[in-house]
Amino acid sequence: MSLKRIMTAAIAMLAALALAGAASLIILTTFLHRTTESMGSAVEGVRLAEALQVDLLMLYRMSDSLLRIPSDSPRSAETIEASLRSHLAEARRNAWSPQEQALITEAERTISGYLLSRERVANQPPEQASRELIPRLESALAALDQLVTFNVNEARVTQARADRWDQLANIGGVSVAALMVLGGGALLWWMRRFVFRPLLDMSHAMRRFGAGRKRTRAPESGPAELRDMAHTFNEMANSLARQQEEQLTFLAGVAHDLRNPLSALKMSAALVTSGRPIPEERLQKTMALVRRQVARLDRMVGDLLDATRIEAGRFELSLEERDARELAAAVVELYQAGGSSHDLRLHLPEEPVLLSADATRVEQVLHNLVSNALKYSQTGSRVDVIVGREGNEAVLSVVDRGIGISNEELRTLFTPFRRTGRAREKAPGVGLGLSVARRIVEAHGGRIEVESRPGVGSTFRVRLPRAHPAAHPARPEDATPSPADTVH
């Protein structure tokens, strides 16, 4: 059920009813106009037929009384005959049906016969003239009576037809008005029940959610558009609830992870400031512990600051042309100098691998990947750092033989504040390192790829665009070296 479709259908129905009413009004007006013309023609036909009868009777009276009226008199025989012909011509023009035309033709014939007879008997005795004229006169009057009867009948038929159309028009008008009222009422009822009520429910849900009732959800009812709106609001509410839970979990994790180094620092400070003599070896171990915990705190705070800058859109890069081999070597040397208990190996190609990158940030990414590889691998296991080229990309790979990552955990591996269960048990942290690393790589126009099998190990590949790829075309020997290549 779509609000758009229903409103369109309702408006189309009401528009169709309005058009039907307008068309009916036009048709009715046209019919009434024609009816009026037909009745006017019938009345005119009756008037002309009666006028012809009057003229005929006047002519007969003049013949019967043997009156001799001068020809220039307004009521002379010649004037009456001219009036007869004029009235016949008007009746001919007024006739619109074949039946009326035939009746007028018959009337013309009988009137002409009467006039001819009247001329023949002009000099005969009155009695003889009357005997010859009366049949002719009666025949002409009968023809005119038929014409009058025909027009009267036509007027009655037209009046009856007009009455029927008037009744139909009344019924149609009332029906159209009733349908429009019922349609409008049904539309208002439907909108009140299925549109306004869901809108009010959604508004109330939003108010309750804004007032702090985070479990409030809008009912997904009504037309499709309103259901989509409610579904979108519910998804937003669920997302906000998840984010709030994640933030609380993050704060709890940060507090927990900060407590461990702070506890170690607190114990070290208490030992140093206790006032008792401390053996040199014990003091050096304590200071080494302090340095490790401070470095750990510095890294945690740095990840938090980087994540904050990225989310705020204030993350900037200082690009320069650097050799990826130098950056990878610096990171490996740092961990080797720190006395790593792992077999950390560096594999470099003979040719330079130039990057247009922020060296500090790229080293930060490698630090994170190498640190994770060392943390999540067994002591003494091998970790490879490989630099190579593939086409126009520089590939920096970190391969470990650690605990590995399952397919389900891979889907949320780069999500901020998310740490897999096995990783959380293996090493502490806040779950920002990989998220920040991916954002740094993407800011350089690159990407991070992961391949992993639980219990076998993981391979992280950082792909970055090379600087001036046209000046340094890729060659077959530039491909990523295998761990069997030169080891530094």
Side-chain angles (χ1 to χ4, degrees), residues 1-4 191-260 297 299-316 361 364-365 368 372 405-443 447-448 450:
M1 184 170 55
S2 171
L3 178 61
K4 179 181 178 181
M191 291 187 66
R192 183 177 182 274
R193 180 181 178 87
F194 295 102
V195 178
F196 296 142
R197 183 176 297 175
L199 280 175
L200 290 175
D201 293 341
M202 194 183 308
S203 176
H204 293 158
M206 290 180 179
R207 289 197 187 96
R208 289 193 296 269
F209 187 85
R213 300 181 182 179
K214 302 303 180 183
R215 297 182 179 273
T216 303
R217 297 295 181 268
E220 298 183 12
S221 59
E225 293 83 355
L226 296 183
R227 291 201 305 272
D228 291 341
M229 291 175 60
H231 182 70
T232 302
F233 169 77
N234 292 336
E235 286 186 342
M236 180 196 69
N238 293 333
S239 177
L240 290 175
R242 285 194 301 269
Q243 290 179 11
Q244 188 176 24
E245 292 177 0
E246 291 174 358
Q247 289 174 358
L248 294 175
T249 303
F250 160 70
L251 291 176
V254 169
H256 179 271
D257 291 335
L258 288 176
R259 182 178 298 170
N260 292 332
L297 286 173
R299 180 178 176 184
M300 292 171 62
V301 173
D303 287 344
L304 289 172
L305 290 175
D306 287 338
T308 302
R309 293 191 188 100
I310 290 172
E311 294 300 325
R314 295 195 298 268
F315 187 74
E316 298 180 356
R361 294 299 183 182
Q364 179 181 348
V365 173
N368 183 276
N372 288 342
I405 307 170
S406 66
N407 291 331
E408 294 181 359
E409 294 170 341
L410 282 174
R411 288 195 291 267
T412 59
L413 186 63
F414 294 98
T415 303
F417 315 122
R418 287 282 181 89
R419 305 185 69 234
T420 63
R422 299 183 65 190
R424 190 182 301 109
E425 297 170 0
K426 186 72 177 176
V430 294
L432 284 174
L434 287 177
S435 173
V436 173
R438 186 183 68 171
R439 298 295 291 269
I440 292 174
V441 172
E442 290 177 348
R447 64 189 187 279
I448 295 183
V450 185

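Note that the structure is predicted; figures quoted are calculated from it, not measured. Throughout, residue positions are numbered sequentially from 1 according to the sequence presented. Just so it is clear, the values below take in all heavy atoms, side chains as well, and ignore hydrogens, waters and symmetry mates.
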Residues passing the side-chain hydrogen bond (donor to acceptor under 3.5 Å, both in side chains) test with His204, sequence neighbours excluded, are none
dist Ile448:CD1 -> Arg439:CZ (nearest 0.5 Å) comes out at 12.0 Å
Notebook entry, point to check: Can you tell if the side chain of Leu226 reaches within under 4.5 Å of the side chain of Met229, non-hydrogen atoms only?
Noted result: yes
Separation between CG (Leu413) and CD1 (Ile405), nearest 0.5 Å, reads 4.5 Å
In short, Phe209 meets Ala237 closest at the heavy-atom pair CE1-CB, 3.6 Å
query = Looking at side-chain heavy atoms only, is the closest gap between Ser239 and Arg242 below 4.5 Å?
reply = yes
Q.
Quick check: do Val436 and Asn368 have side-chain heavy atoms less than 4.5 Å from each other?
A. no
So CG of Leu200 and CZ of Arg207: to nearest 0.5 Å the spacing works out to 8.5 Å
Report, one line per pair, each donor and acceptor closer than 3.5 Å where one atom sits in a side chain of residues 212-219; sequence neighbours left out.
| residue | atom | partner | partner atom | Å |
| --- | --- | --- | --- | --- |
| Thr216 | OG1 | Arg213 | O | 3.0 |
| Arg217 | NE | Asn238 | OD1 | 2.8 |
| Arg217 | NH1 | Lys214 | O | 2.7 |
| Arg217 | NH2 | Asn238 | OD1 | 2.9 |

Side-chain donor/acceptor of Ser203 to backbone N/O of Leu199, under 3.5 Å
no
Heavy atoms of Arg447 and Val441 approach each other most closely as N-CG1, 3.2 Å
